[in-house]
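Some notes on the structure that comes next.
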Amino acid sequence: MNEDTNPASNTGANQEGNKNTEPKKDFAAPNIPAQLLKPYDPTEVEPRVQKQERESGFYNPDVCIKEGITKPDAPIYSIILPPPNVTGTLHMGHALGFTTQDIIIRYKRMKGFRTLWIPGTDHAAIATQSMVEKNIQKAEGKSRHDLGREELLKRVGEFAQQSRDTIVSQLQTLGASIDWSREAFTLDEERNFAVRTVFKKMYDDGLIYKKNRVINWDPKGQTTISDDELVYEDRKAKFYTFKYSKDFPIAISTTRPETKLGDVAVAVNPEDPRYKEFIGKEYSMDFCGAPIKIKIVGDHEALMDFGTGAVGITPAHSMTDYQIAQRHNLPMIQVIDEKARMMIGSPDIVGKKVAEAREVVVEWLKANDLLIKEEEIDQRISTAERTGGIIEPLPKLQWFVAVNKPFKLAHSDIKGIEAGTEVTLKEIMQKAVLGGQVEITPEHFLKTYFNWIDNLNDWCISRQIWYGHRIPVWYKGEEVYCGVEAPAGASTDADADAEAGADQWVQDEDTLDTWFSSGLWSFSTMGWPKQANDPTSDFSIYHPTDLLVTAHDILFFWVARMILMTGYVLGTVPFDKVLLTGMVRDIKGRKFSKTLNNGIDPKDIAQKFGMDAGRMSLIFGTAPGTDSKIDENKIKGYKHFANKIWNVTRFILTATENFHDTVHNGIGEDNTKISFTKDDLALIEKRNEIFRSISTNIDNLKIHIASEDLYNYIWKEFADIILEDSKNIFAEAIDAGDLAENTVGGEGGASEESIAKKNSRAKFLLETLAMIVKTLHPFMPHVTQEIWSLLPAKLKTRELIMTEQWPLI
RNA sequence: GGGCGAUUAGCUCAGUUGGUAGAGCAACUCAUUUACACUGAGAAGGUCAGGGGUUCGAGUCCCUUAUCGCCCACCA
């Protein structure tokens, strides 16, 4: 398979004679590939190399084994790609993570590992649906209800497909050596089956339950969201102090007077001398047209030194109040509906939006002389991460995952948890990491991780949207059925369900939080559950995976959920190591966001500087977990670097032109056997030391240091010192050659010595060049492949450098 | 309120177990059409935020202060 890839090498006759007389002018030497004589052009090379690599099939480990590149019993190395959301396109932040993964995957592949990298995309339920809904509303003025469930899903599906196509092409532009034959989608049929299977298991174990309680309602997205999907915004707000009525003994304060129509109690601190005497008393009155009944309760939650020391309790519209109400068995009165409009009160309040109702209530308080104080305070309000809607806490019947409920874990490979013992999901998340089974880099995120788990509450998993995994639960009158498949007689038509009669099974309307399916990603992409017991399945071979590379902003959303799900379902961990990357920011230090429209498309970088340069600039000098800024000057530097290696190659091939095809056999220019000089042996030793440490650093996930060492060796050591020095050696050999020719029977000794030096150095340069190109390949796959294709055939064992063996192993 | 991180050259940032402070970019001097101007050589530039401690020795470990950033939290 070792064809001569040097297109210029068989162009026939050359003019050897010219070489020594005018060596410097003669770059167009016939032995040197024509491409090499021009500056390196990434825009031409990169797409070609990507296509060549992809079509080779070697991204797929099965092909590597079949073609003898990887041994069948080779050690395993697997990574799953964090699936990008199908809401849009990739930016340089994604590129950092993906480049990191690609570097490690290429490195491991060259080291002989059976290497798998699985791609896919995430349906990102709320984000995607709300984006499509917005587009439809804008273009056609229709809501999702105008379209119906089926039509909307069709539209969202189309959008997702387009997004997916863009993402795939972007990943290919990055040069990601990912196995496309295994591509998955969090919402495809196989993943849906995995989701249903896990849901059913959790339901049967009593870990999934349905309950009516106060949840985070997003009036804009018309759905619940989990605690983690809240984003806080600082705002100025009016803080009102007032009494419910003239006769009421205690004043309370609030920023939301309109919710007070739903108050059922006032909590005071039981130690508070001002209010002690009122505890237990009840008062009834009219408040803005709503009859309210207020009980005074003692609760330590009420702080004596805040506000008036008394809290109005609105169980239906505040998480805190809901919890206090639970403690005191208080009723819950909902006064705000799902559209954030008032449900009760006087006629000028009912139907009004909360902000308007607030004004009306304040006016009413003033008119009745009940308002005591009005001041401005700083307030944090909750908004929905995906839609930006202001969260309205509402009581709703929702599905939850119980994180503190003990259950029996049948099988366990998790250190500290014995099979068959009772554990909670929370404990699984803790112990998988505590025992070091999952290693997190940088280490300080461990504290963040445990801190989050300590404060974790039950996970609300139901969403009132249509795009997503529909909850596999069916109702018929009072009956409830949960199953992987629909019960017999259940309607399969989504829109028809709504009108189905009481004698028919009707599926739950809600869909699951997108992170429920993402949590299964490490094994749902590998054929679980259908091929779980097949020893030849990906699941049996590649799970648990070796490494997860992701940005630190989804540590809780995703990393923790994967640990939870994998621990629960399989009794093991999803990955051995987690490498958290920092966020890539724009030049002003801002996060990339759709609203700012400041995302940088990797394709633009590829156009401008070459993707290799883009990749290096993301990696170089960027410590794990540390945020970085994208800077075009930096990228430009690595474009220069690519060109540098290009020219290094040209120089070495030109300088050794006469015998670079024989050096591999140890045959020098004068047909003598080459042996290394002392100087060159020293260079080899130093070189090998540096290259070994580069390997070690990649092994330890310190690729930013590895890339720096490599860069410095190539440019500062190899090019600036060794190549410059070599010029003298080669010049001496030429002079000596001339001298020997001109002096018949003269002293050949000097000549032989300089020729021997040249031979030694030439061998060193060619071998080192091959080594440099191989070692640089994971970082800059395109330029290295192009150089590889231009190197003398005898220096290589294979056409594609990605399948060559890593140096010095 | 709790937790975490950052503070190193003009700018952007590296710095593994403590052992003489590093890179890129910018700026300065010089060289040169060279394998490469997508170049080379040289010089300059730092009380490693401040203070204290441990140590023979601290950018690195401990304490503390300040500033900035992030995450979490039920102060209505």
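Remember, predicted model here, so these are calculated numbers, not experimental data. Proteins come first, then strands; the chains are lettered A, B, ... in the order of their sequence lines, and each starts at number 1.
Note on A:Gly621: only backbone sugar-phosphate atoms sit closer than 4.0 angstrom, heavy atoms only; bases stay farther off. In this structure, A:Asp720 reaches the sugar-phosphate backbone alone: every heavy-atom distance under 4.0 Å involves primed, P, OP1 or OP2 atoms, never a base. If you check every strand for non-hydrogen atoms under 4.0 Å, A:His704 touches sugar and phosphate atoms only. Residue-level contact check: A:Lys447 touches the backbone only, with heavy atoms under 4.0 Å from sugar-phosphate atoms and none from bases. Note on A:Lys38: nothing from the nucleic acid sits closer than 4.0 angstrom, heavy atoms only. At a threshold of 4.0 angstrom between heavy atoms, the contacts of A:Phe609 with the nucleic acid are absent.
Atom-to-atom, CG of A:Asp699 to P of B:rU16 comes out at 18 Å; the value is rounded to the nearest Å. We find that CZ of A:Phe641 is positioned 17 Å from C1' of B:rG40, with the value rounded to whole Å. In this entry the distance linking CG of A:Asp725 with C1' of B:rA35 reads 15 Å, nearest Å. Going from atom CZ of A:Phe620 over to atom P of B:rA23 covers 10 Å, rounded to whole Å.
A donor atom on one side chain and an acceptor atom on the other are found under 3.5 Å apart for A:Asp699 and A:Tyr107.
In this structure, A:Thr626 reaches the B:rA14 phosphate: one of its side-chain N or O atoms is under 4.0 Å from OP1 or OP2. Regarding contacts with the backbone of B:rG40, a side-chain N or O of A:Lys644 is found under 4.0 angstrom from either OP1 or OP2.
The nucleotide B:rC25 finds its pairing partner in B:rG10, both defining distances of the Watson-Crick or G-U wobble pair being shorter than 3.5 Å.
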Could you go through the salt bridge (Lys or Arg N to Asp or Glu O under 4.0 Å) check for A:Glu689 and A:Lys686 one step at a time? CA-CA 5 Å; A:Glu689 194 184 319; A:Lys686 189 174 176 189; over 6 Å; no
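Judged by atom type and distance alone, A:Glu724 reaches the base of B:rA35 through a side-chain donor-acceptor pair under 3.5 Å.
Among B:rG5, B:rU12, B:rG24, the nucleotide with an atom closest to any side-chain atom of A:Lys629 is B:rU12.
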